[in-house]
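What follows is a single structure, written as structure tokens, with notes after it.
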Number of protein chains: 2
Amino acid sequence: MSKSDKREEIVRAALELIAENGFHAAPMAMIADRAGVGAGTIYRYFENKDVLIGELYKDLEEKMLPVIQEGYDINAPLRERFLHLGTRILRYFIENPLHFRFIEQFHNSPYGVEHRRDKILGEKNGCNIFRELFEDGLSQQLLKAFPLTILFALSFGPIVNLARDHILGFVVMDETLIVAAIEACWDSISK
Amino acid sequence: MSKSDKREEIVRAALELIAENGFHAAPMAMIADRAGVGAGTIYRYFENKDVLIGELYKDLEEKMLPVIQEGYDINAPLRERFLHLGTRILRYFIENPLHFRFIEQFHNSPYGVEHRRDKILGEKNGCNIFRELFEDGLSQQLLKAFPLTILFALSFGPIVNLARDHILGFVVMDETLIVAAIEACWDSISK
DNA sequence: TATACAAGAATGAACGTTCATTCCGTTTTT
DNA sequence: AAAAACGGAATGAACGTTCATTCTTGTATA
């Protein structure tokens, strides 16, 4: 196994174990086992567990953003833009259940306390798309006059819940339902 | 300190520590310390940590339900009923941040896996009020024709997010905002 | 009323387990 | 052959739980 393959295997193993049963079920020895490396080897690639988890989180964030933005037309009508982003995010979570489960675990763990603010897609980096979208909507008076935080809550709250319910098998979100659900979210924020 | 005082102190200490910094920051020794009892004493009141946590959760559930239902008129118009329940829940969380934070931690911990399904107010016990509300709305054709799970997600998702954002200080939910936000949720589920 | 005693409650040091991390002998690469 | 990478046993810290001992409280006896 090549060097970079090994790093990848370690990250993959960590993602799987944590997503499947939470941090408490992912000790370093078990991660090493599933990655097919020795326990000590992990420490040649990551300073410690915190760093491993943190980099895993960053990896996922970096994979997610471009997928969500793909095909996004900043000049389209507001509603269309919202539906585009909303359905993309929900679809991404549904198609990448491990990513979703890990991110959720992360945000509810000691590892993720500092990241608390970026609610899965915060006002970080270049990804202020949602913020811009909402600010646009507010200035055009198309959205209800809520603080940004509330608009976020009305949009992301349902999305995260729907993704979780789908992944845990409580509902099957097909393409029709995905679109309809995000349209419903739009109804909650639009005037 | 009387016997029942002691039990109460233990439960209170556990609630505080877990709500403030999560399960990882609430070892039995620390709970004992904050309760002002010896570590061994806890085991005179609770078989083990799982049981302590479980009873704490049940306690909170029992305190919350009557508060939310108070003044609920099952014969009122559907919208009014929804607003009543929605605002009550959100207000309850805002006024009892420790309860909210504990319940959230619980649902995202090994302790709470089995309770997963009752999303803070599930189809348990006598508390099917929300379910009934939604079924009523569906049969009267006042609500969008979604599966119950999705109606739950559209309602609880925002509520939980708003409570969290308020408690963490990202937004200040006054009475006006509370009502407006729940009205917005109504817009997402109503036809 | 004062004293002795029993029974339950409370305690916290000690134990066994689990886990992240380190260390060192072995294997692979250069 | 030197250097780097590797594996997994060893280490020590943290935790939940136990248990021998101490404290408290209520009752019986003088």
Side-chain angles (χ1 to χ4, degrees), chain A residues 1-59 102 105-106 108-115, chain B residues 1-59 102 105-106 108-115:
Chain A
M1 206 188 308
S2 90
K3 193 160 170 170
S4 69
D5 277 352
K6 225 162 233 174
R7 203 200 112 105
E8 216 169 305
E9 278 301 292
I10 293 167
V11 172
R12 196 185 50 74
L15 169 62
E16 284 179 16
L17 286 170
I18 294 166
E20 281 163 12
N21 288 299
F23 285 98
H24 72 106
M28 291 298 258
M30 204 181 282
I31 294 173
D33 247 31
R34 174 149 342 180
V37 304
T41 304
I42 296 181
Y43 290 85
R44 297 203 50 74
Y45 294 88
F46 304 95
E47 196 189 331
N48 56 43
K49 195 173 184 178
D50 280 29
V51 172
L52 165 57
I53 305 289
E55 299 211 2
L56 171 47
Y57 181 78
K58 223 189 311 169
D59 280 9
F102 172 82
Q105 297 278 357
F106 183 79
N108 286 286
S109 80
Y111 300 107
V113 275
E114 71 241 39
H115 289 255
Chain B
M1 207 190 306
S2 89
K3 193 160 168 167
S4 69
D5 277 353
K6 224 159 234 175
R7 204 200 112 104
E8 217 168 304
E9 278 303 291
I10 293 167
V11 172
R12 195 185 50 75
L15 170 62
E16 284 179 16
L17 286 170
I18 294 166
E20 282 162 12
N21 288 300
F23 285 98
H24 72 106
M28 290 300 255
M30 205 182 280
I31 294 173
D33 248 31
R34 172 144 348 177
V37 305
T41 307
I42 297 180
Y43 291 86
R44 297 197 51 74
Y45 295 88
F46 304 94
E47 197 188 331
N48 56 42
K49 196 173 184 179
D50 281 28
V51 171
L52 164 58
I53 305 289
E55 299 211 2
L56 171 48
Y57 182 77
K58 225 189 310 170
D59 280 8
F102 172 82
Q105 297 279 355
F106 183 80
N108 286 287
S109 79
Y111 300 108
V113 276
E114 71 241 40
H115 290 254

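Here is the naming used below: chain letters follow the sequence lines, and residue numbers restart at 1 for every chain.
- Nucleotide C:dA10 holds its P atom 12 Å from the CZ atom of B:F46, rounded to whole Å.
- Atom P of nucleotide D:dG16 and atom CD1 of B:I42 are separated by 9 Å, given to the nearest angstrom.
- D:dC6 atom P lies 16 Å from atom CG of A:D33, rounded to whole Å.
- Rounded to an integer number of Å, the gap from CE of B:M28 to P of C:dT18 is 18 Å.
- Here the straight-line distance linking atom CZ of A:R7 with atom CD1 of A:I42 works out to 12.0 Å at 0.5 Å rounding.
- Closest approach of A:K49 to A:A26, counting heavy atoms only: NZ-O, 2.9 Å.
- In this structure, CZ of A:R44 is placed 15 Å from P of D:dA3, rounded to the nearest angstrom.
- Using a 4.0 Å cut-off between charged nitrogen and carboxylate oxygen, B:R12 and B:E16 count as a salt-bridge pair.
- Regarding contacts with the backbone of D:dT17, every side-chain N or O of B:K49 stays at 4.0 angstrom or more from both OP1 and OP2.
- A salt bridge is defined here as a Lys NZ or Arg NE, NH1 or NH2 lying under 4.0 Å from an Asp or Glu carboxylate O, and B:K6 with B:E9 fails to meet this definition.
- Each of C:dC19, C:dT11, D:dG16 was ranked by its minimum atom distance to the side chain of A:P27; first place goes to C:dC19.
- Per the geometry, CE belonging to B:M30 stands 16 Å off P belonging to C:dG12, to the nearest Å.
- Comparing C:dT11, D:dT17, D:dG7 by their closest approach to the side chain of B:T41 singles out C:dT11.
- When the P atom of C:dC19 is taken as reference, atom CG of A:D50 falls 16 Å away, rounded to whole Å.
- For B:Y45, no side-chain nitrogen or oxygen approaches OP1 or OP2 of C:dA9 to under 4.0 Å.
- One can place CD of B:E9 at 17 Å from C1' of C:dT11, the figure rounded to the nearest angstrom.
- When the nucleotides C:dG12, C:dC19, D:dC6 are ranked by their closest atom to the side chain of A:K6, D:dC6 comes out on top.
- Between B:I18 and B:I53 there is a side-chain heavy-atom pair separated by less than 4.5 Å.
- Each of A:G40 and A:H24 was assigned the nucleotide of DNA chain C with the nearest heavy atom; the assignment lying further toward the 5' end belongs to A:H24.
- Under 4.0 angstrom from either OP1 or OP2 of D:dC19 there lies no side-chain N or O belonging to B:Y43.
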